[in-house]
Protein chains: 2
Amino acid sequence: MARAATTSDAFNAIAEPQRREILVLLRGGERPVTELAQDLGMSQPQASKHLRVLREVGLVRVRGAGKQRLYGLDARGLRPLHEWLGGFERFWSGSFDRLDEYVQDLKQARREEPPDGDDQ
Amino acid sequence: MARAATTSDAFNAIAEPQRREILVLLRGGERPVTELAQDLGMSQPQASKHLRVLREVGLVRVRGAGKQRLYGLDARGLRPLHEWLGGFERFWSGSFDRLDEYVQDLKQARREEPPDGDDQ
DNA sequence: CCATCATATGCCTATATCGGAATGCGTCAA
DNA sequence: TTGACGCATTCCGATATAGGCATATGATGG
């Protein structure tokens, strides 16, 4: 087997940095393809391809506006990501984080020490 | 070019569903490789490979415990993801979400009128 | 030293990617 | 209709993946 398709979930879709940048740009409002391509320094075909992936996983939507096609953000598609991440929040937030870090450092330090006597 | 390496970021590392499951399991505490492999129904080599990726991006850490190697969660590596996602929070939370949904439904309904073979 | 358990790594194949270049297709204006 | 514009879709090549399998490495107890 190979890697899962980029269109299989939002997780895979946003693994590509340029697609993440597209989404960030779209936070500012709808945009035509060529404008996105220019702002991100990529070719128009590449932009179209990335947008296709984002559309297939439901992260953007299109709207025809004359000759142009305006792409807009559909951030609801990011919710699965947010929810999955939420399950880990307690591991890095607030004092819990510092406690965890402290415990880790203790363990690490203990491993790096010779099994010598306990001082004091 | 091909796809970015799975070890290039946390984004790419967690694109793989089984790696996500490993992280979820590790929320319950440290675990040896074989146990993870069994619980997730994958071979031991596969588990080791996934754990290698997760370790290279700093999402897990290892600790030798006799014959075993205990893998533990290092959720700090998920922070970039959380922060990136944070930039989109206002787009799906609260009434903003409902308004957006409403507008989407309107547009979708309007587009289903012509015999169009739209997206899937 | 040897046998055994726990884990890591190597080799292999099929597959899907990103990127570039060329081209197809739809829309608008004259 | 013709031309120009905006965008989508091909075809191509190089690359790295997930997974199966075999094997190397490493620690432990006799």
Side-chain angles (χ1 to χ4, degrees), chain A residues 1-22 25-26 30-57 60-72 111 115, chain B residues 1-22 25-26 30-57 60-72 111 114-120:
Chain A
M1 256 196 189
R3 221 160 151 183
T6 56
T7 53
S8 55
D9 12 82
F11 289 90
N12 282 275
I14 68 157
E16 163 66 47
Q18 310 222 64
R19 281 196 287 265
R20 260 175 277 151
E21 292 181 34
I22 288 179
L25 264 189
L26 290 183
E30 291 179 325
R31 291 241 195 178
V33 178
T34 314
E35 211 175 296
L36 289 170
Q38 281 190 342
D39 284 19
L40 296 176
M42 66 176 94
S43 70
Q44 174 267 310
Q46 271 308 307
S48 279
K49 288 173 192 171
H50 283 316
L51 287 165
R52 180 161 165 56
V53 173
L54 291 173
R55 190 158 49 84
E56 286 190 28
V57 298
V60 303
R61 49 188 139 76
V62 215
R63 176 168 74 89
K67 278 200 277 193
Q68 309 195 134
R69 308 199 74 200
L70 294 182
Y71 279 87
R111 289 190 95 307
Chain B
M1 258 194 189
R3 217 160 156 182
T6 56
T7 53
S8 56
D9 335 289
F11 288 91
N12 282 275
I14 68 158
E16 164 66 45
Q18 310 222 64
R19 280 196 288 264
R20 258 174 277 150
E21 292 181 35
I22 288 180
L25 264 190
L26 290 183
E30 293 178 324
R31 291 241 194 177
V33 178
T34 313
E35 210 175 296
L36 289 170
Q38 282 190 342
D39 284 18
L40 296 175
M42 66 175 94
S43 70
Q44 175 267 311
Q46 271 310 305
S48 278
K49 287 173 190 170
H50 282 315
L51 286 166
R52 179 160 164 57
V53 172
L54 291 173
R55 192 157 46 85
E56 284 190 28
V57 298
V60 303
R61 50 185 136 77
V62 215
R63 177 168 74 89
K67 278 201 277 194
Q68 308 195 131
R69 306 199 75 201
L70 294 182
Y71 278 86
R111 201 166 313 152
D116 192 86
D118 218 71
D119 58 12
Q120 199 279 306

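So that the names make sense, note that chain A is the first sequence line, chain B the second, and so on, each numbered from 1.
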Nucleotide [N], atom [atom2] - distance to [atom1] of [X] in whole Å:
{"X": "A:K67", "N": "C:dA30", "atom1": "NZ", "atom2": "P", "answer": "10 Å"}
{"X": "B:I22", "N": "D:dA18", "atom1": "CD1", "atom2": "C1'", "answer": "12 Å"}
{"X": "A:Y71", "N": "D:dA8", "atom1": "OH", "atom2": "P", "answer": "4 Å"}
{"X": "B:E56", "N": "D:dT17", "atom1": "CD", "atom2": "C1'", "answer": "14 Å"}
{"X": "B:M42", "N": "C:dA8", "atom1": "CE", "atom2": "P", "answer": "13 Å"}
{"X": "A:M1", "N": "D:dA18", "atom1": "CE", "atom2": "P", "answer": "11 Å"}
{"X": "A:E35", "N": "D:dC5", "atom1": "CD", "atom2": "C1'", "answer": "15 Å"}

*Residues in side-chain hydrogen bond (donor to acceptor under 3.5 Å, both in side chains) contact with B:R19, at least two apart in sequence or another chain*: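 Per chain and number, B:R19 pairs via side-chain hydrogen bond (donor to acceptor under 3.5 Å, both in side chains) with B:H50.
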
_Set of residues satisfying side-chain hydrogen bond (donor to acceptor under 3.5 Å, both in side chains) with respect to A:D9, sequence neighbours excluded_ = A:N12

*More 5' along DNA chain C: B:L51 or A:H50, using each one's nearest nucleotide?*
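Final value for this comparison: B:L51.
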
_Reading DNA chain C from 5' onward, which residue's closest nucleotide shows up sooner: A:S43 or B:R52?_
B:R52

*Those residues that, when tested against A:A5, pass side chain to side chain contact (heavy atoms under 4.5 Å, CB included) (two or more places apart)*: A:T7, A:S8

*Residues that A:Q44 engages under side chain to side chain contact (heavy atoms under 4.5 Å, CB included), provided they are two or more places apart*: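 With sequence neighbours excluded, A:Q44 shows a side chain to side chain contact (heavy atoms under 4.5 Å, CB included) to A:V33, A:S48, given in chain and number order.
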
*Which is true for A:Q46 with a 4.0 Å heavy-atom rule: it touches a base, it touches only sugar-phosphate, or it touches nothing?*
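Base, at least one base atom sits under 4.0 Å.
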
*When A:P32 is tested against each of A:K67, A:Q68, A:R69 for side chain to side chain contact (heavy atoms under 4.5 Å, CB included), which residue passes?*
A:Q68

Using a cut-off of under 3.5 Å, enumerate the N/O to N/O pairs linking the protein to nucleotides 21-23 of chain C.
none

Testing the basics here: between [X] and [Y], what is the closest heavy-atom pair and its distance to 0.1 Å?
{"X": "B:V60", "Y": "B:L51", "answer": "CG2-O, 3.9 Å"}
{"X": "B:A37", "Y": "B:S43", "answer": "CB-O, 3.9 Å"}
{"X": "A:A13", "Y": "A:V53", "answer": "CB-CG1, 4.1 Å"}

*What pairs with B:E56 under salt bridge (Lys or Arg N to Asp or Glu O under 4.0 Å), at least two apart in sequence or on another chain?*
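Applying salt bridge (Lys or Arg N to Asp or Glu O under 4.0 Å) to B:E56 gives B:R52.
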
*Qualifying residues under salt bridge (Lys or Arg N to Asp or Glu O under 4.0 Å), relative to B:E35, sequence neighbours excluded*: B:R31

*Residues touching DNA chain C, which here means a heavy atom under 4.0 Å, drawn from residues 2-19 of chain B*: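 Nucleic-acid contacts, sorted: B:A2, B:R3.
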
_Degree of bending, the helix from C:dC1-D:dG30 to C:dT17-D:dA14 (end axes from five pairs; round to 10°)_ =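 For the helix from C:dC1-D:dG30 to C:dT17-D:dA14, the axes at either end differ by 40°.
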
*Could you tell me whether the side chain of A:E16 reaches within less than 4.5 Å of the side chain of A:T6, counting heavy atoms only?*
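In short, these two side chains do not touch, never coming nearer than 4.5 Å.
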
